[in-house]
A.B. asks: 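To start, I am sharing the structure in question, which I have written as structure tokens.
The analysis underlying the following values was restricted to heavy atoms, covering all of them including side chains, and did not include hydrogens, waters or symmetry mates. Since the model is a prediction, treat every value here as computed from it, not as a measurement. Chain naming here is simple, since letters A, B, ... match the order of the sequence lines and numbering starts at 1 in each.
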Amino acid sequence: MTIQEIFADLPSLVTERLILRRMSMDDAADMFENSSDPEMTRHVGWEAHKTIEDSRAFLATVVEQYHNGHVASWGIEHRAEGRLIGTGGFVYWNIAHARAEIGYAIGRRYWSQGYMTEAVGAILSFGFQRMGLNRIEARCEVENIGSARVMEKCGMSFEGVLRQHMFVRGGFRDLRMYSILRQEWERSQA
Amino acid sequence: MAVDSILAALPTIASEGLLLREIAPLAALELAGRWASQVPLMLLRDAYLPEGGPASAAAAEPYATHQLPPWGIALADGRAIGVCGFLEWSLRHSRAPLVVALEPGDGDAYLAGVLRTMIDFGFRIMELNRIEAPLGREDAGPREVVASMGMRHEGTLRKELLSDGSFFDVELYATLREDWRGSA
């Protein structure tokens, strides 16, 4: 298995309320609405989008990643509303060690309703079933209680705080590291 | 020292009765293969084997890192006692992990000196903000030494590394620039 084999033809994942699908330039308006919200981007590892051009630039990068078969995220579409409400997926895959990291972000309007937990559950299933992973990890800033809760609800275990691990938004940030192992995920599915 | 000059030519360091001089990655791996315990050896292989390192992973731009060549560690009489190196230098996040592999027995006595030299180089020359020391659960001795250097155990990364069909935990230690300044 190669990274390209999986990501050159990234399939959609369907859950009860969501579709995780490839993003396109047509998603620019919805993406900008989510990603320009300073509250939504307060604890993410990237700068809030200031103009729709920022969103278009991000989408252009993602489309190129799909084209090249590189590791890339899904867009998260609300099935009933038919619009993009966030992004989620794998941001790093180390095939040699069968581990990968996930990242995700969702519009503030959709917080506290289980959407992110639902999406992450689908992402974890894809990682263990299709990518053959043994370890999936995720990190969030220590102040990002909501993100930590999603990780815990998805069965991830807290491993420690990596102090000043990332430089983002002008400062060094402490990150909480979480992970779930294949054997733990399989037990949860039984 | 500018980043470019460090990347272009790894400096030779004489410190603590030791000489750290750049050696070829494959030579470092050959030495480490004799002496290193599992986790440091896997990390060195990831960094320096042709099929390892960045080619075995696919990362988004924020994770782009530079790789420094390894140092060979020698005593004043020229005897080689180990290898060490900073792997995966992230300029954006100003951090790097260090790995050390020393000849068992006599070599262990020099671990503290090697670490002090590397930590000083990392903070003073590379201007890092964070230096990590990933170790294995079986590295009890080295773990005591890194802890005595003021490195803090931040957590266990479970089944982080795979070798010969077995997964290994990484005990992650780290020290920050502000800690180093505080001890100067």
A.B. asks: For A:E64, does the CD atom sit with more than 12 other heavy atoms under 6.0 Å from it, leaving out its own atoms?
C.D. replies: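 It does not: A:E64 CD has 12 such atoms or fewer within range.
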A.B. asks: Is there a side-chain contact between A:R99 and B:L162 in this structure, where contact means two heavy atoms from C-beta onward sitting under 4.5 Å apart?
C.D. replies: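 With C-beta onward as the side chain, the pair stays apart.
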A.B. asks: State yes or no: do B:L115 and B:L75 share one hydrophobic cluster built from I, L, V, M, F, W and Y residues joined by side-chain heavy-atom distances below 4.5 Å, directly or via other members?
C.D. replies: yes
A.B. asks: Side-chain contact, heavy-atom cut-off 4.5 Å: A:L162 with B:E132?
C.D. replies: no
A.B. asks: Are A:L181 and B:K159 packed together at the side-chain level, in the sense that at least one heavy-atom pair is separated by less than 4.5 angstrom?
C.D. replies: yes
A.B. asks: A quick test of your reading: do over 12 heavy atoms of other residues, nucleotides or ligands sit less than 6.0 Å from CG of B:D164?
C.D. replies: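 Open.
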A.B. asks: Would you indicate whether A:R109, at its atom CZ, is surrounded by more than 12 heavy atoms from other residues, nucleotides or ligands within a distance under 6.0 Å?
C.D. replies: yes
A.B. asks: Sort out for me which of A:T2, A:N134, A:V161 touches chain B most, counting heavy-atom pairs under 4.5 Å.
C.D. replies: A:N134
A.B. asks: Around B:R21, counting heavy atoms of other residues, nucleotides and ligands shown, do more than 12 lie under 6.0 Å from its CZ?
C.D. replies: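 No, the 6.0 Å shell around CZ holds no more than 12 heavy atoms from other groups.
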A.B. asks: Show the nearest heavy-atom pair for residues B:L157 and A:R135, with the distance to one decimal.
C.D. replies: C-NH1, 3.6 Å
A.B. asks: Give, as side chain, backbone, both or neither, the part of B:F167 having an atom under 4.5 angstrom from any heavy atom of chain A.
C.D. replies: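 For B:F167, side-chain heavy atoms alone lie under 4.5 Å from chain A.
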A.B. asks: Between B:R177 and A:Q164, is any pair of side-chain heavy atoms under 4.5 Å apart?
C.D. replies: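 Not touching, per the 4.5 Å side-chain cut-off.
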A.B. asks: Which atoms form the tightest heavy-atom contact between A:H97 and B:D46, and what is the distance?
C.D. replies: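 Scanning both residues, the minimum pair turns out to be NE2-OD2, 2.6 Å.
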A.B. asks: Any chance CZ of B:R143 has more than 12 other-residue heavy atoms, nucleotides or ligands included, within less than 6.0 Å?
C.D. replies: yes
A.B. asks: Would you call B:R158 and A:E137 a salt bridge, taking side-chain N to carboxylate O under 4.0 Å as the test?
C.D. replies: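 Judged by the 4.0 Å cut-off on N to carboxylate O distance, B:R158 and A:E137 do not form a salt bridge.
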A.B. asks: Measure the shortest side-chain to side-chain distance between B:S90 and A:F167 over non-hydrogen atoms and say whether it is less than 4.5 angstrom.
C.D. replies: no
A.B. asks: Under 3.5 Å, side chain of B:R130 to main-chain N/O of A:R163, donor-acceptor pair present?
C.D. replies: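 Pair found, side chain donor or acceptor close to backbone of A:R163.
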A.B. asks: Is there a path from A:M25 to A:I85 through hydrophobic residues (I, L, V, M, F, W, Y) whose side chains come within less than 4.5 Å of each other?
C.D. replies: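 Yes.
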A.B. asks: Side chain from CB out, backbone as N, CA, C, O: work out which of these in A:Q183 comes under 4.5 Å of a heavy atom of chain B, or both, or neither.
C.D. replies: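 For A:Q183, the side chain is the part near chain B, not the backbone.
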A.B. asks: How many angstroms lie between atom CE of A:M177 and atom CG of B:L172, to the nearest 0.5 angstrom?
C.D. replies: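 Interatomic distance, A:M177 CE to B:L172 CG, rounded to 0.5 Å: 8.0 Å.
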A.B. asks: So which residue, A:A100, A:S157, A:A98, ends up with the most heavy-atom pairs under 4.5 Å with chain B?
C.D. replies: A:S157
A.B. asks: Under a 4.5 Å side-chain heavy-atom rule over Ile, Leu, Val, Met, Phe, Trp and Tyr, are A:V150 and A:F126 clustered together?
C.D. replies: yes
A.B. asks: Taking CD in B:E144 as the centre, count heavy atoms belonging to other residues, nucleotides or ligands within less than 6.0 Å. Is the count above 12?
C.D. replies: no
